2 protein chains.
Amino acid sequence: MYKKICIYLSMGNSNLYKGSLTTIILKLLEEHDKMYGYEITQKVKELTQGELKITEGALYPSLHKLEADGLLDVEVAKVDNRLRKYYKLTEQGTKETVSKLAELENYIKTMQNLVNPKLILE
Amino acid sequence: MYKKICIYLSMGNSNLYKGSLTTIILKLLEEHDKMYGYEITQKVKELTQGELKITEGALYPSLHKLEADGLLDVEVAKVDNRLRKYYKLTEQGTKETVSKLAELENYIKTMQNLVNPKLILE
DNA sequence: ATTAATACATAAAATTCTTATGTATAAGAA
DNA sequence: TTCTTATACATAAGAATTTTATGTATTAAT
């Protein structure tokens, strides 16, 4: 038998992260070429020093959607008798990544402008 | 009779804005003391040069929730025979604003760190 | 031997927003 | 003067995304 007790901290205790999961996945894949789901959760935890924890319930459906949309290709591997699904960017996925990153930069500028107008002079 | 044809552009054509509406409302009220709903939509449009358009369907329920949560007080006024509901921060709302702004700063730092790790050295 | 870590998955519920619609007054254009 | 746009509120169905909870299975560590 199995037993599972979970503690769900997820997305930084702030709902600002809502809507950024896709951007995060695409950017990580742009930098690391080929990653599997669990690896993404660990990498995000590491890069954010524990601030951001991607939950499985958000990650896997998101990966499936990106694949269905043609932004990711999947390749199944078996390592130590355990399943791994490696994802990588398609050509279209690479384009979408550029676009998503531009959106993020734009979001940040807009929000800083809204929230702290004195510091933005350009 | 009336007729209404709407063009819904809303939240910057990017779902990164999901989750930031509350922060935006609170910050505007911190700066402008007292505002009504329609005024908020216009102010946001103006401050973001049209990039961000708050829809009524998002704004009004959000204002009602903030009021129900004790973060905003409301005061009804009649100007030119037209109804206006002025909202202002409660004491608790002022505290929450500080907290929400800190969350935003933190979100921006975390995302920049994730997305462009080379530029962050601190 | 039991727990923690690795590795996938899905599904109900919550949250937030979009889209659509409803109501009403005032101002401006045709 | 009539039609449209702007001002000002509201709610509700549906979409999208995430949280919370659960399910299955293998390997490593205690």
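Proteins get letters first, then strands, A, B, ... in listed order; numbering begins at 1 in each. From a predicted model like this one, the values you see are computed outputs, not experimental measurements.
One distance of note links CG of B/Leu16 with CE of A/Met111; it measures 10.5 Å at 0.5 Å rounding.
Per the geometry, CE belonging to B/Met35 stands 15 Å off C1' belonging to D/dT7, to the nearest Å. Regarding B/Arg84, its CZ atom lies at a distance of 10 Å from the P atom of D/dT7, rounded to whole Å. In this entry the distance linking CD of A/Glu56 with C1' of D/dT17 reads 17 Å, nearest Å. Taking atom CD1 of residue B/Ile40 and atom C1' of nucleotide D/dA8, one finds them 13 Å apart after rounding to whole Å. If you measure from atom NZ of A/Lys4 to atom C1' of D/dT22, you get 8 Å, rounded to the nearest angstrom. Atom CG in A/Asp80 sits about 12 Å away from atom C1' in C/dA7, given to the nearest Å. Atom CG of B/Leu83 and atom C1' of C/dT23 are 12 Å apart (whole Å). Atom CD1 of A/Ile54 is separated from atom P of D/dT17 by 14 Å (rounded to the nearest Å).
Residues from residues 58-73 of chain A with heavy atoms under 4.0 angstrom of DNA chain C, sorted by number: A/Tyr60, A/Pro61, A/His64. Annotation: proximity of residues 14-22 of chain B to DNA chain D (heavy atom, distance under 4.0 Å) is found for B/Asn15, B/Lys18, numbered in ascending order.
In this structure, A/Val76 belongs to a hydrophobic cluster whose other members, linked by side-chain heavy atoms under 4.5 Å apart, are A/Leu83.
Of the two residues near DNA chain D, A/Asn81 and A/Met11, the one whose nearest nucleotide lies more 5' is A/Met11.
Regarding contacts with the backbone of D/dA10, a side-chain N or O of B/Lys85 is found under 4.0 angstrom from either OP1 or OP2. Between A/Ser10 and D/dT19 there is a side-chain N or O to OP1 or OP2 distance below 4.0 Å.
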All N/O contacts under 3.5 Å from nucleotides 3-6 of chain D to the protein, with atom names and distances to one decimal?
none

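Salt bridge A/Glu39/A/Lys43: absent, no basic N to carboxylate O contact under 4.0 Å. The pair A/Lys4-A/Glu56 meets the salt-bridge criterion, since a charged nitrogen lies less than 4.0 angstrom from a carboxylate oxygen.
Listed by first and then second residue, the ring pair (Phe, Tyr, Trp, His ring centres under 6.0 Å) pairs involving residues 9-35 of chain B are A/Tyr107-B/Tyr17 (not counting sequence neighbours). Residue pairs meeting the ring pair (Phe, Tyr, Trp, His ring centres under 6.0 Å) criterion with at least one partner in residues 37-66 of chain B, sequence neighbours excluded, do not occur; the list is empty.
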Check against side-chain contact (heavy atoms from CB on, under 4.5 Å), B/Ile25 and B/Ser62: CA-CA 9 Å; B/Ile25 293 170; B/Ser62 192; 3.7 Å; yes
Candidate pair A/Asn113 and B/Gln49, rule side-chain contact (heavy atoms from CB on, under 4.5 Å), full reasoning: CA-CA 10 Å; A/Asn113 205 24; B/Gln49 287 114 59; 4.2 Å; yes
From CA spacing to verdict: side-chain contact (heavy atoms from CB on, under 4.5 Å), A/Leu89, A/Glu96: CA-CA 9 Å; A/Leu89 293 176; A/Glu96 185 64 14; over 6 Å; no
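When heavy atoms are screened at a 4.0 angstrom cut-off, B/Gly37 is found touching the sugar-phosphate backbone but no base atom.
Using a 3.5 Å distance cut-off with no hydrogens or angles, the side chains of A/Gln92 and A/Asp69 do not pair a donor with an acceptor.
For the pair B/Lys85 and B/Tyr36, the cation does not sit on the ring face, since its NZ or CZ is not both under 6.0 Å from the ring centre and inside 45° of the axis.
In this structure C/dA30 sits in a base pair with D/dT1, meeting the Watson-Crick or G-U test at under 3.5 Å.
Following chains of ILVMFWY side-chain contacts shorter than 4.5 Å, one cannot reach A/Ile40 starting from A/Tyr8, and the two form parts of different hydrophobic clusters.
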